[in-house]
Amino acid sequence: MRPPVRDYLLMLFITAAVTHILTGPVRKFAITIGVVPEVRARDVHREPTPRLGGMAMFGGLLAGLLVASHLPHLEEIFTESSTPRALLSGAALICLLGVLDDKWGVDALVKLGGQVLAAGVMVFQGLTILWLPVPGTDGIYLSDWQGTLLTVGLIVVSINAVNFVDGLDGLAAGTVGIAASAFFLYAYRLWYGYGIEAAASTTLISAILAGMCLGFLVHNSHPARIFMGDSGSMLLGLLIAGCAVSVTGEVDPSLLRQSMDGRSGSAAMVPVYIPLLLPLSVIALPVADLVLAVIRRTWNGMSPFAADKGHLHHRLLQLGHSHRRAVLLMYFWSALFSFGIVAYSARGAKSWMLFGVAFVCAVGLVLLLQPRYESRLIRRLLPRGSRGRVVASGGRRAEADEERRVPTG
């Protein structure tokens with residue numbers, strides 16, 4: 001029997017509720033054991049804020065999987081697929097590594113080794129990429145060692161990409177939550193719409209992941225009362241990569257093509273490419289940020305792992321966007337990439353969608369550059385002597401508002 005969408009929505013809300021409830025005690029625990037690092041020069045917040053939010057999200061993951069394993073429509077996923085068990089094992093290792101890093105700090109190479117170990121544990125339990133969609137072929141099936149290397153590489157890149165983007169309140173949780181929602185729509189459409197049962201585990205994990213992000217966002221939105229830390233950002237990166245790997249490791253590409261009867265040409269192949277395109281689009285901004293950071297730091301003679309204030313979210317703040325507005329803009333682009341690709345894979349005409357995406361991109365570009373337009377407008381309309389006073393007074397008001405919004409403990 002195909003599970004109704006309400007079962008998955010129930011998992012989402014249970015996971016969100018448990019994550020939300022656990023975040024408060026985790027915050028107090030982090031303060032008690034001293035996981036409240038001092039504000040660094042590259043940080044945007046002004047008051048020391050506790051970390052370890054990943055512990056609450058991991059608790060939400062446990063609760064979601066536990067409840068799902070006892071639901072009549074979902075319990076078969078745990079007996080017929082190794083994905084939940086593999087993801088839980090890798091998540092436990094990566095969360096433990098993140099907790100150690102949040103508390104004592106872990107060397108970058110040791111952290112990378114731990115990420116590879118967590119990915120290897122998942123591969124050992126059967127969660128691996130088995131095929132790649134290649135134009136003009138029925139798909140390239142990978143050997144064991146090729147699938148292992150590609151899976152480990154994708155998981156490690158995804159972990160570090162989400163870790164890099166975690167620089168503003170609510171940014172990482174919201175971005176991954178949008179990604180998980182797009183994955184849920186795609187996987188549920190495969191499972192419920194086309195009867196591809198192998199997509200059921202991806203549907204479940206993406207719903208639980210969206211719930212984890214939603215429950216944590218209540219505490220992490222600006223001004224954040226707790227940060228997810230590496231224990232949370234690496235956990236989210238691992239799970240979003242796991243969603244992509246589970247599709248390409250369990251869904252037969254021939255079933256995807258058969259489900260697209262009636263479509264011809266490139267349109268018929270789009271759903272086959274989605275398992276590869278969707279994870280790339282989801283982490284496009286974090287990966288771009290990661291690549292640019294490595295190039296920037298290497299060019300300046302710094303270590304690729306050295307911290308700086310040149311990330312995309314820092315650039316948005318430098319353009320003049322407020323904290324909340326910068327986060328919303330990042331949400332905007334993430335949603336445009338991920339939901340746009342999922343929508344393009346659906347049946348129906350594509351021309352109107354392309355025009356719609358182009359229009360939305362134009363709107364996003366205007367919003368992105370709006371602070372510059374406002375600055376030019378002020379220079380044109382106000383007398384020369386008053387421009388500095390207006391900008392200065394506006395800056396002081398913004399700083400005062402920011403101080404009032406920051407929690408004191």
Any donor-acceptor pair under 3.5 Å from Ser221 side chain to Val218 backbone: no

Residue among Leu52, Asp166, Thr49 satisfying side-chain contact (heavy atoms from CB on, under 4.5 Å) with Phe227: Thr49

Output all residues satisfying side chain to side chain donor-acceptor pair (under 3.5 Å) with [X], sequence neighbours left out; order by chain, then residue number.
X	answer
Ser201	Glu250
Thr203	none
Ser143	Trp145, Gln146
Asn163	Ser233

Contacts of [X] that satisfy side chain to side chain contact (heavy atoms under 4.5 Å, CB included) - sequence neighbours left out:
X	result
Val36	Ile31, Pro48, Pro50
Ser206	Phe183, Phe184, Cys243
Val110	Val106, Asp107
Ser82	Arg85

Side-chain H-bond candidate by donor/acceptor type, Thr83 with Ser246, under 3.5 Å: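 No, no side-chain donor-acceptor contact under 3.5 Å.
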
Neighbour count above 12 (heavy atom, 6.0 Å) for Phe78 CZ: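 Atom CZ in Phe78 is crowded, with more than 12 foreign heavy atoms closer than 6.0 Å.
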
Contacts of type ring pair (Phe, Tyr, Trp, His ring centres under 6.0 Å), residue Phe58, not counting sequence neighbours: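 In terms of ring pair (Phe, Tyr, Trp, His ring centres under 6.0 Å), with neighbours along the sequence ignored, Phe58 is linked to no residue.
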
Salt bridge (charged side-chain N to carboxylate O under 4.0 Å, His left out): pairs with one or both residues in residues 87-106, sequence neighbours excluded: Asp101-Lys111

